[in-house]
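For ligands, and for the atoms within them, numbers begin at 1 and follow the listed sequence.
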Amino acid sequence: MGSLAAASASAATANLPSVPDAREVARQVREEFLHAWSGYKRFAWGYDEVRPVSGTPKNFFLPNHSFGLSIIEVLDTLYVMELDEELSRCVAWLRARLDFDVDGDVQMFEAVIRMVAGLLSGYYATGERFLLSAAIDLADRLLPCFTKSPSGAPYRYVNLRSGAVSKPEINLAEIGSNVLEFGDLSRLTGDRKYVTASLAAYEAVIAKKSTLDLLGTTFDVEKAAFIGNDDVAPDEPADSFYEYLWGGWQMLAIERCRDWWTTLTTAMLAHKVTRVGGRLWFKSVDFRTGLPTGDASITELSSFYAELVAKGGYRAVGEAFYDSWTAVLDRYELIPEVIFYPDLSVIDPRYWMRPEYPNAAFDLWFLTRNEKYRRTAYRYFRALRDRCRVAGGYTVLADVRTRPMRQGDYFPAYAFSENFKYLYLMFADSPRFDGRRYYLNTEGKVMRGLRTA
Ligand code: DMJ
């Protein structure tokens, strides 16, 4: 793998523009973040999300109820950018309005990675105890997904008021993306019920791994069995299952997470890596036989894996995978949702303000300090500013192939937590962030590494 990775890396670094002074880039990123944030405040304050072109609000979890999701998602971004007045305004809204006693069915995975984690990182940033109490309250309302499951793998949905669970068919990412949040809650409360639930969920699915040490993608929590044989990892919807195994070891020192990570990653690299035209990709396979399945498509969401596999000890693989995605950026300026990796043609042309490529750049920068990652991240930032900026903030794109690129009318709340934060921290040398000992959850929440007074 070494020589392939080296050749691919040199191709990807050719002809990259140099980057202005790092502090100037950080200033520009902060300014653009504030532009996006001003659109939310103007058109959707107190709602979950904004549609910045029509100037209308949108809810995320429940059609007729808002949790102020963008306000929760933005807390630690405001903190690291030293936007303290904005942060105080958000904290005041949450103190007055946040309430999880709602008669509605909520998707457990999204509630954990966005809201439990957002409240925890907000608590770390501000020291406001009510944010911790709210995270505990929400986690307690989500726990029936785990405790009512016969297998230990969670149901997808729960009614926050009644605790009634539903939807027993669930994917790997939704099963296994909670040990960081629940592990932290067990540490903070002294109650092991949270981390115990996470580990039981892992155990339930990993017990069903194939003789090749591969996993399927969708699991029936009542039958304790995979549905179908497709293993799409590291693509969605398996992606952050693996991210959290590594995190469980790195952030929480859970040895079982390290052992599971090692076993599953060794198998993934043995059976799933494929090279096409000098680029490294991951193919879908039948988890029982290792034989290829699917249509050689891959989504932008998988690009995060470049940083994960590099952090996990396979740096050449991670760097080569990053270079593969940089080739897609070269061609389209922003990365479309789904491509056909043999020739990089577009399958789904939308750019949904996805953060995974800058996420990979961010972690690879702090891991390697190779300027290549700042140069490619800066190029991504310029494309974002050129193509997604509108008068009312920033918006997703309907088609990256058209000129001008056809815009949509939506700003996903995750972009308040992810894209701008990754870009800012790569350039800012923020006094509020420790680039040597940080850990972020899959939604970009700083779970470790905030510096406070
Ligand atoms: C985010 O909500 C998280 O990064 C999650 O892990 C998957 N993808 C979205 C953004 O693409």
Ligand 1-proximal atoms of [X], by part, heavy-atom distance under 4.0 Å:
X    : result
N359 : neither
P355 : side chain
R114 : side chain
E418 : side chain

4.0 Å heavy-atom contact, E236 with ligand 1
no
Tell me the salt bridge (Lys or Arg N to Asp or Glu O under 4.0 Å) pairs involving residues 167-180, sequence neighbours left out?
R156-E174
Any idea which atoms of ligand 1 are less than 4.0 Å away from a heavy-atom of E443?
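Atoms satisfying the 4.0 Å criterion: 1 (C), 2 (O), 3 (C).
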Under 4.0 Å from any heavy atom of Y414, which atoms of ligand 1 are there?
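By the 4.0 Å cutoff, the relevant atoms are 2 (O), 10 (C).
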Determine the interplanar angle of the [X] and [Y] rings, folded into 0 to 90°, and report it as parallel if under 30°, tilted if 30 to 60°, perpendicular if over 60°.
X    : Y    : value
F427 : Y378 : perpendicular
F226 : F219 : perpendicular
W37  : F416 : perpendicular

Do P52 and D409 have side chains that approach each other closer than 4.5 Å (heavy atoms only, starting at C-beta)?
yes
Would a distance-only check, ignoring hydrogens and angles, find a side-chain to backbone donor-acceptor pair under 3.5 Å from R141 to L160?
yes
Does any N or O of ligand 1 fall below 3.5 Å from an N or O anywhere on E356, backbone included?
yes
Assert yes or no for the condition that the ring centre distance of F282 to F321 is strictly below 6.0 Å.
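Yes; F321 has its ring centre under 6.0 Å from that of F282.
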If you have a sec, work out which protein heavy atom is nearest atom 4 (O) of ligand 1 and how many Å separate them, to one decimal?
T442 O, 2.8 Å
